[in-house]
Amino acid sequence: MEQQLNSYLQSMTLEEKVDQLLQLVGAFFEDAGTEGQITGPMASLGITEETVHNVGSVLGLAGAKEVIRVQQAHLSKNRLGIPLLIMADIVHGFKTIFPIPLAIGCSWDMRLAEESATIAAREAAVSGIHVTFAPMVDLVRDPRWGRVMESTGEDPYLNSEFARAFVRGYQGKDLTNDTDRVAACVKHFAAYGAGEGGRDYNTVDVSAWQLREFYLPSYKAALDEGCEMVMTSFNTVEGVAATGNKRLMRDLLRDEWGFDGVLISDWAAIKELIPHGIAEDEREAAQKALLAGVDIEMMTSCYNGHLPELVRSGQLDEALVDEAVMRVLKLKHKLGLFDNPLRGADPEREREIVFCDAHRAVAKELAIKSCVLLKNDSVLPLKRSQHIALIGPFAQSGDILGSWSWSGSQDEAIRVVDGFQSKISSSLLTVATGCSIEDVTAEDMTAEQYAEALQAASQAEIIVLALGERSDMSGEAGSRSNIRLPQTQLELIKRLKTLNKPMVAVLFNGRPLDLHGVIEEADAVLEAWFPGGEGGAAIADLLYGDAEPTGRLTMSFPQSVGQVPVYYNHFNTGRPQLDPNTKERYVSQYLDVPNEPLFPFGYGLSYTEVAYDSIQLSSETLVPGQALTVKVRVTNKGTRPVEETVQCYVRDISGDTVRPMKELKDFRKVLLAPGESREVEFALTEPQLRYHHADLSFSSDSGEFAVLTGPNSRDTTEGRFRLVKETGK
C-alpha cells in the first residue's frame, strides 16, 4: 500500500496534491460528462475546471446511478485515475429515518443505536456514499442551542458509550471488504456544544481542565473505537478558532492522542478564520489551517488558492502538504476505492435495501424506546373503547423526522393520525389541526381553527394534543432564546382545558423545552422528540399500551430558561442550598425558581411502579486491582411488565479539584414481570474513579466516596466506601 500510494504522491504536481485536499458539493459535478463548462459555483470559488477534475472528495452526492456516473466521468478526466471520496451527513438514517440522536440517547440502548448506524451505513453505501459526517458527540448543557438534537446528551460517560456504538455500526469490522459500511467522521472537535448563550457558531470559553474532564472523552471514545475521520468545530477553543488551532489539532489530537486519520474542516471553516480574527486573509487562513493539521478544506478555496505559492516561497514545507494528501489517499485505499472505485454503489440492490420493511421495523422499535413519559395521572394507557379527539398541528403532519433527514420523506412518514387509525375505528376518532404549525409567534389561533378543535374535543372522552416545534426550529442555526412551545399552542391548551376533559400531550421537538403551560394543564405528557419515519406507529403503540414506555432523559428539562445551563453533574459550591424549603438567603440559589431542573437526567416514567431497596456494598473499602460490588434489589409493584433502567452514580467527596455531585458510572436494563424482584449488581473499580487534577494529570485519590443507585439522577439511595491506594490511608 505504502509503495502504491507513494507512487501516486510522487507523480502529482503540487497543484494536483492541493486539489486532493479540496471538497466540493455535488453541484460542481452536475455536468460531469460535459467538457468546457465553468458553472456558477466554480466561478464564485475562483477555481477552474481542471481543479474539479483533480478534486479529492465530494459532499452531499447520493444515489447509486448518479454516483456511478460522476465517479466514472471523474476517472476519465483525472490524470492519475485517483477516485473521488463521496461524503454526506447521514446523522440519524439515510432513507429510513430513525429518531434524532438526542432521542436515541434517551433509549439508553447501545444495541439499537449500533443497529441504527449499521442500517444507515448499508443504505448510504449502496447509494454510493463512502463517508458519513457522524457521529456528533458534542456534550450539551444548553437547550437553547438547536444542535442539541444531534447529541446524545449532557453526560460524558453515556455520550462516550453511544459514540462507540455509532462508530461500530457505521464502520463494522472490515471497512475494506464490507462494502455495506461507511467510514465515520466524529464531530465537532472540540467543545462545539459549549457555545455562549446557546447561540450557534458562538464563542466557547472553557478551561483546559473542563475541556478534558467533560468535553473531550466522547471524541476520544470514538477514536478508540477506530473512527476514521474527525471534523473541526466552528468555535474557538482557548481563544483560537478550532480550525486553525495547532495546540488542539496538531499537539493534542495528532501528537498526544496519536490520531493519523483524516481531519476535515466543517463547511467553510478555514475561510471563517478571517472573521474570527485569527487570519488576515485567505492566505494566512490556509497557512494556519495546514499548520494545525487540517487535511481537507470543505467548500472554500483557501488551500487551492494559496498553498502552492506558500510552498514555493518557502513559507510552508511541502512535507505538510504531502502528509495531508497521504492521509486522504490512505482512506481511499482503506475503502478499497483504488481497486473498486464504485465500491458498494448498486442501483438494483439500492431498490431492494433502501427503506425496506426490515429497516423500518428497527426504526419503529428505536422510536418506541426513545420516547419518554414525563407525566401520567392515570390517564394512560388509552382504551380502545374511548372516543379520542386528536388535535394539534402535529396530528396530521409528516414533519416528525427532525433536522438532518435530507434523504427522508415526510410524505412517507407514519403520522400520528395514521397510528391512531391503526388502533381504533374512525367512529372513535375525531381529528382537528387546532392551530397552524407554521405560526410560531401569533398570540391566538383563527376562529375557524378554534371552532374545529372545540367541536372535536366536545365529542371525545379524551383529548390527545400533538404539539411541538417545527423541525427547522432546532438543528443547525436553530437556536432559540424562548424554549417554550409557540404561544398559539399554549393558547390552544388553555382553551381546551376549560372543557375539563382528560388531556394527553405528545411533544415533537429537538431540544428540552420549558414546559410551563403544558405540564400543569395536561394529565399526561409523552416526549416523542422527532421520532423518525415510523413515529406515528410507535406513539400509538405507547399510548395504547401495546408497548411500554422505557425512555429515560439524557438531557435535563429546565424549570425556566433562566436556569440554563442546568445539568445533573454540577458542582456543590461553597454555599450550597441544603434545603429548598428554607428561607436562608446567602446560599447559591434563585429567588423565583428552584435550583433543580423540572425533569432531571435519567428521568422517565413507566406504566408500573418499580421500588428500590437500600443499596448494599460488598466492602467499606476499595483497593486498586479489585472491584467493589454494588447491589440493589428492584421490584415491579405493578400489574404490567417493565424494562427498568437502573442507574449507578458516584460522588467523590473530596478531590484535588471540585467534583460533581453525581457522575454516572454504569447502568443496567432489567426486565421485570409483574410482581418480580431482581437483584441488580454493579462492579466499581479504581479506574472509574479517576479524574483530571489541577495539573491535568489523570488519576484517582484515596478518600471517601458515595455510590448512589436509582431510577434517575435525583431519586437515589446512597452507600459510602473509601478508596484506599496506600497503606494507612
Side-chain angles (χ1 to χ4, degrees), residues 102 105-106 108 139-145 148 151 153-158 193-194 198 210 214 372-377 482-485 507 509 511-522 525 527 551-606 610 612 615 645-653 658-665 667 706-718:
L102 186 58
C106 292
W108 295 58
L139 183 135
V140 291
R141 292 173 168 174
D142 192 332
R144 293 173 296 181
W145 191 45
V148 301
S151 171
E154 68 188 42
D155 182 74
Y157 163 72
L158 202 60
Q210 191 176 44
F214 296 103
V372 184
L373 185 61
L374 298 177
K375 180 179 180 180
N376 185 22
D377 289 344
N482 177 358
I483 56 172
R484 290 192 179 186
L485 287 181
L507 303 176
N509 42 285
R511 56 163 55 82
L513 297 172
D514 174 347
L515 290 179
H516 289 296
V518 181
I519 202 68
E520 313 95 325
E521 309 293 353
V525 177
E527 176 54 77
R552 300 293 182 261
L553 296 179
T554 56
M555 193 173 180
S556 303
F557 274 55
Q559 298 271 357
S560 161
V561 74
Q563 290 179 307
V564 169
V566 58
Y567 47 94
Y568 89 94
N569 46 356
H570 60 86
F571 305 130
N572 201 33
T573 83
R575 292 189 179 186
Q577 182 192 60
L578 299 177
D579 183 356
N581 296 313
T582 66
K583 300 299 182 182
E584 184 179 3
R585 182 175 181 88
Y586 295 103
V587 296
S588 181
Q589 64 185 349
Y590 297 103
L591 296 179
D592 53 347
V593 295
N595 285 357
E596 300 302 317
L598 180 64
F599 295 113
F601 176 87
Y603 181 85
L605 301 176
S606 303
V610 176
Y612 283 68
I615 196 170
T645 302
V646 183
Q647 300 160 37
C648 181
Y649 298 86
V650 164
R651 181 187 177 193
D652 188 343
I653 302 301
V658 293
R659 306 304 305 133
M661 293 296 289
K662 292 185 181 77
E663 295 178 276
L664 181 70
K665 295 298 180 182
F667 66 93
V707 58
L708 310 100
T709 58
N712 57 67
S713 61
R714 181 188 63 198
D715 304 316
T716 56
T717 59
E718 180 180 315

Chemist: Going by the angle between their ring planes, with limits at 30° and 60°, are F601 and Y568 parallel, tilted or perpendicular?
Modeler: parallel

Chemist: Could you tell me whether the side chain of Q563 and the main chain of E596 form a donor-acceptor pair under 3.5 Å?
Modeler: yes

Chemist: What distance do L515 atom CG and S560 atom OG have between them, rounded to the nearest 0.5 Å?
Modeler: 12.0 Å

Chemist: Shortest non-hydrogen contact from S588 to N595?
Modeler: O-ND2, 2.9 Å

Chemist: Of all the heavy-atom pairs spanning Y603 and L374, show the shortest one and how long it is.
Modeler: OH-O, 3.3 Å

Chemist: For the residue pair L373 and N376, what are the closest heavy atoms and their distance?
Modeler: CD2-CB, 4.0 Å

Chemist: Specify the closest pair of heavy atoms between P156 and E154, including all atoms of both residues, with the distance to one decimal.
Modeler: CD-O, 3.8 Å

Chemist: Quick check: do I519 and F599 have side-chain heavy atoms less than 4.5 Å from each other?
Modeler: yes

Chemist: Just jot down the side-chain contact (heavy atoms from CB on, under 4.5 Å) partners of S151, sequence neighbours excluded, or say none.
Modeler: M136, V140, N159

Chemist: Could you tell me if the side chain of L513 sits less than 4.5 Å from the side chain of V518, heavy atoms only?
Modeler: no

Chemist: Distance check, rounded to the nearest 0.5 Å: R141 atom CZ versus N569 atom CG?
Modeler: 5.5 Å

Chemist: Is there a side-chain contact between Q647 and L158, using heavy atoms and a 4.5 Å cut-off?
Modeler: no

Chemist: State, with a plain yes or no, whether a side-chain heavy atom of P512 is found less than 4.5 Å away from one of V148.
Modeler: yes

Chemist: Which heavy atom of R651 sits nearest to which heavy atom of L708, and what is that distance?
Modeler: N-CD1, 4.3 Å

Chemist: Are M661 and H570 close enough that some pair of their side-chain heavy atoms sits under 4.5 Å apart?
Modeler: yes

Chemist: Quick check: do E527 and V525 have side-chain heavy atoms less than 4.5 Å from each other?
Modeler: no

Chemist: Keeping the roles fixed (side chain from E520, backbone from H516), state whether a donor-acceptor pair exists under 3.5 Å.
Modeler: no

Chemist: Which heavy atom of C106 sits nearest a heavy atom of V372, and at what distance?
Modeler: CB-CG2, 3.9 Å

Chemist: Is it true that the side chains of R552 and S606 contain a donor and an acceptor less than 3.5 Å apart?
Modeler: yes

Chemist: Would you mind reporting whether T716 and I615 have side-chain heavy atoms less than 4.5 Å apart?
Modeler: no

Chemist: Any chance you could measure D155, atom CG, to T554, atom OG1, to the nearest 0.5 Å?
Modeler: 9.0 Å

Chemist: Within this structure, what is the CG-CH2 distance for the pair L553 and W108, rounded to the nearest 0.5 Å?
Modeler: 9.5 Å

Chemist: Tell me, with the steps shown, if L664 and K662 meet side-chain contact (heavy atoms from CB on, under 4.5 Å).
Modeler: CA-CA 7 Å; L664 181 70; K662 292 185 181 77; over 6 Å; no

Chemist: Does V610 form a side-chain contact (heavy atoms from CB on, under 4.5 Å) with V646? I'd like the steps, not just the answer.
Modeler: CA-CA 10 Å; V610 176; V646 183; over 6 Å; no

Chemist: So, taking the atom named SG in C648 and the one named OH in Y157, what distance separates them when rounded to the nearest 0.5 Å?
Modeler: 9.5 Å

Chemist: Do side-chain atoms of R511 reach the backbone of P143 as a donor and acceptor pair under 3.5 angstrom?
Modeler: yes

Chemist: How long is the span from the CD atom in Q589 to the OG1 atom in T582, to the nearest 0.5 Å?
Modeler: 7.0 Å

